[in-house]
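Remarks on the structure that follows.
All figures in this text were calculated on a predicted structure; none of them were measured in a lab. In what follows, chains carry the letters A, B, and so on, assigned in the order in which the sequence lines appear, proteins first and then strands, with residues in each chain numbered from 1.
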Protein chains: 4
Amino acid sequence: MAVSAEKIGSEKYQKIIQAATKVFAQKGFYNSKVADVAKEANVADGTIYLYFKNKDDLLISIFEESIDTFTLEVQKQIAGVTDPVEKLARFITLHLDLVRSNQDTAQVLQIELRQSTKFIKEYAGTKFKDYLNIVSDILEEGQAKGVFRKDLNSAIVKRVIFGAVDEMALEWVLMKKKKYSMEEAAAQICAMFIEGLRVPKVA
Amino acid sequence: MAVSAEKIGSEKYQKIIQAATKVFAQKGFYNSKVADVAKEANVADGTIYLYFKNKDDLLISIFEESIDTFTLEVQKQIAGVTDPVEKLARFITLHLDLVRSNQDTAQVLQIELRQSTKFIKEYAGTKFKDYLNIVSDILEEGQAKGVFRKDLNSAIVKRVIFGAVDEMALEWVLMKKKKYSMEEAAAQICAMFIEGLRVPKVA
Amino acid sequence: MAVSAEKIGSEKYQKIIQAATKVFAQKGFYNSKVADVAKEANVADGTIYLYFKNKDDLLISIFEESIDTFTLEVQKQIAGVTDPVEKLARFITLHLDLVRSNQDTAQVLQIELRQSTKFIKEYAGTKFKDYLNIVSDILEEGQAKGVFRKDLNSAIVKRVIFGAVDEMALEWVLMKKKKYSMEEAAAQICAMFIEGLRVPKVA
Amino acid sequence: MAVSAEKIGSEKYQKIIQAATKVFAQKGFYNSKVADVAKEANVADGTIYLYFKNKDDLLISIFEESIDTFTLEVQKQIAGVTDPVEKLARFITLHLDLVRSNQDTAQVLQIELRQSTKFIKEYAGTKFKDYLNIVSDILEEGQAKGVFRKDLNSAIVKRVIFGAVDEMALEWVLMKKKKYSMEEAAAQICAMFIEGLRVPKVA
DNA sequence: TATGAATGAGTATTCATTCAT
DNA sequence: TATGAATGAATACTCATTCAT
């Protein structure tokens, strides 16, 4: 019944995850049938249950697989950077970039994962927090270095930045005719948070 | 078959909307039975279908009812204000405040409504845009008055601000032990956007 | 609860019967809603239950009303006739004629009344038998007078003749483009039964 | 979704058809629950939907299965016969015989299938016509051979004969205490149509 | 491992009927 | 009498999950 760790790396496990991601993104989790996923993955319905406990587990696994990837990728990209401002900019750019490159996954994460209070309440606390904490770590480092204002609560700010970036990404993914590039969006978000909206006082 | 306009104001219509909001917030839309809503509203199952076309219509109606209320309330509160900075601050504070006073509704809007690509795609374009445009109007007014930076695209900024505020609100609603007050959160969001994260340069 | 005899003659009772006949003929008994009948009759749903015990009673009443009319009409038309051959011809012609003039009623009787074993079993025995017996009476009279063959069982023959005429009528009612007139059909049925199919032996 | 041709021959398909025939004959189509059929067939409710599109499809399938059988059987039995009179006699006898041997099926065809104008209108035109045309073919052959009267329209006569035989069969099936044998009925119907009702003129 | 036929619990919706007005 | 809003029992159909092969 329990899915052994070795299965996770197997080719079929990945094929099913990818199929599920595609199907859930297109039709929504509740409107997707396990049979749809099986068909997309070119396996029999029953095969899915050799790799996943149930339909919910499929969704949770997509979440865990991708949030891990996201976290690792971001951590790698900011590893050598010392300037907290540059780190934050890289986070913002990278998150948008990852969303762009994994639109189906992003849609599943952003929309479908929120579908049920159940998932939010159960999973908000684990791997997702690790990802969010990348942002608060940057902030606290910046505050320690005297670059960022100390009167800001990093627990609040991490949420605010994540919310801003993620909403932007969601909008961008769903928008059919792209009215602006993601690079432009990334630059503006950075500017807004780092410089603020106010017209800079001329020295 | 169509639900007449006069029914919308009726006592029973409101009773059902409120019951549905509560039930959907608690158990999620897809995990709620129409019978649950009926029971909560103290009406028979069939009665719901005298006021709503089907279960989906119930969700959509919650959305339309509340987004209208939100829009009107915010517009009223910023009507007399002239300073765009103050206007933006009021929007942020008010949105958080409305969420706090209508937590069930907020949860349904933020979580359940996003559950389905269908709803997002169909409804993102209408009343929701009106609400978002309150923000872009403030921005453009601020840019015209020379208070806000002109290099920022209001179409992007409105999304960023909304995302930030809404994510914050969602987090706050779902958080069981409140680690900070909403007033504090509101103040920090305002600060971040208006002043930026950087330590102010001492003149 | 019981529907008083005086109601039967009332204008509203007749209006409802007519509406039900029309609606049942168009959509079938099981696919018709009591509300449809009410609408067609321009009365409230509840009003129907002042005149009829329930939906079944509506169907049964249509049957009883019309079979009475049919029986009386046929009896009247053959009253003065003495020749059994002529009587039989009149019955055939008249039945087809009555169907033609009351197509909705005929459809309800022929199709809808057969819909349920329940109705058939309960009602085949009563007023319908009176109608069928018109035919067997004619036959027996003919046999007594030496006009019809005595080796035929009138219990069988009455069914055969009724079945033939009624199937014909059903076909004719349902046929959209009439390929032959009802007069022609009536003449041929008479010929068939009275003369037989064989080529008459030339004396 | 579509039921593949190979399923039609399968054991389970036949088991369900038989169960449905029995249940529909007993309680009527509209008063039968799909669950009743499943129970009678000793399968799960859902299994029915692996073999049939929906409840209507079950009724239609009973019709198609049996009308095919009837048509083939009758064609086989009259194949070698040359005398049209004998052919007609065989048709009449055989139809009654088939009804007697398949009373449940016959009841479903005769009563339940007629219940809905929908079925009649959709299906009257196809396989049923093939069956009816057996009769008109016999008639036309008889007319060509100079055995049957040429003044009779075979389109009318086929209906008349079918109606007569079928009504007879229906009556016989529903009759609890059989007042006459089917052989007797068959003989009388043949006599009536072939010789006519009139007392034969003595040469 | 893999299959996919079979299962049967679960539920939105309909509509005949009632009853307070 | 007449109304029509409210009721709630009834049921076709779906689909996640199982298990014999």
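When each of A:Asp36, A:Leu58, A:Val34 is paired with A:Val23, the side chain to side chain contact (heavy atoms under 4.5 Å, CB included) condition holds for A:Asp36 and for no other.
When each of C:Asp45 and A:Gly46 is assigned the nucleotide of DNA chain E with its nearest heavy atom, A:Gly46 is the one assigned upstream, toward the 5' end. Of the two residues contacting DNA chain E, namely D:Val43 and B:Thr47, the nearest-nucleotide position lying further toward the 5' end is that of D:Val43.
Remark: C1' of F:dT11 and CG of D:Asn31 are 13 Å apart, rounded to the nearest angstrom. When the C1' atom of E:dC15 is taken as reference, atom CG of C:Asp56 falls 14 Å away, rounded to whole Å. To the nearest angstrom, P of E:dA6 lies 15 Å from OH of D:Tyr13. If you measure from atom CD1 of C:Ile48 to atom P of E:dC19, you get 18 Å, rounded to the nearest angstrom. Computed from coordinates, the A:Ile16 CD1 to E:dT1 P distance equals 12 Å when rounded to whole Å. A straight line from OH of C:Tyr51 to P of E:dT17 spans 18 Å, rounded to a whole angstrom. If you take CZ of B:Phe52 and C1' of E:dT14, they are 18 Å apart, rounded to a whole angstrom. Rounded to whole Å, the distance from OH on C:Tyr30 to C1' on E:dC15 is 14 Å.
In this model, the phosphate group of E:dT1 is not approached by any side-chain N or O of A:Lys12 to a distance below 4.0 Å at OP1 or OP2. Distances shown here put every side-chain N or O of A:Tyr49 at or beyond 4.0 Å from the OP1 or OP2 atom of E:dA2.
For DNA chain E, the residues of residues 33-42 of chain B within the heavy-atom distance limit of 4.0 Å (strictly under) are B:Lys33, B:Val34, sorted by number.
Classification of the A:Phe29-A:Phe24 ring pair by plane angle, with boundaries at 30° and 60°, yields perpendicular.
Here the nucleotide nearest the side chain of D:Leu50, chosen from E:dA16, E:dA6, F:dT1, is E:dA6. When the nucleotides E:dT7, F:dA2, F:dT3 are ranked by their closest atom to the side chain of C:Ala44, F:dT3 comes out on top. The nucleotide whose nearest atom lies closest to any side-chain atom of D:Lys55 is, among E:dT13, F:dA12, F:dT7, F:dA12.
In plain terms, the two heavy atoms of C:Ile17 and C:Ile62 that are nearest each other are CD1-N, 4.0 Å. Taking all atoms of both residues into account, the shortest heavy-atom contact from A:Ala25 to A:Val108 is N-CG2, 3.7 Å. Here the shortest heavy-atom pairing between D:Ser32 and D:Gly28 reads OG-O, 2.6 Å. Closest approach of D:Tyr30 to C:Asn31, counting heavy atoms only: OH-ND2, 3.4 Å.
In this structure the side chain of B:Asn102 never reaches within 4.5 angstrom of the side chain of B:Ser66, judged on heavy atoms.
Side-chain atoms of B:Asp57 and B:Tyr49 include no donor-acceptor pair closer than 3.5 Å.
Within a 6.0 Å sphere centred on NZ of C:Lys15, other residues, nucleotides and ligands contribute more than 12 heavy atoms. Other residues, nucleotides and ligands place more than 12 heavy atoms under 6.0 Å from the NZ atom of A:Lys55.
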Dot-bracket line, read 5' to 3' along DNA chain E, where crossing pairs take [ ] and | marks a partner on another strand, Watson-Crick or G-U under 3.5 Å: .||||||||||||||||||||
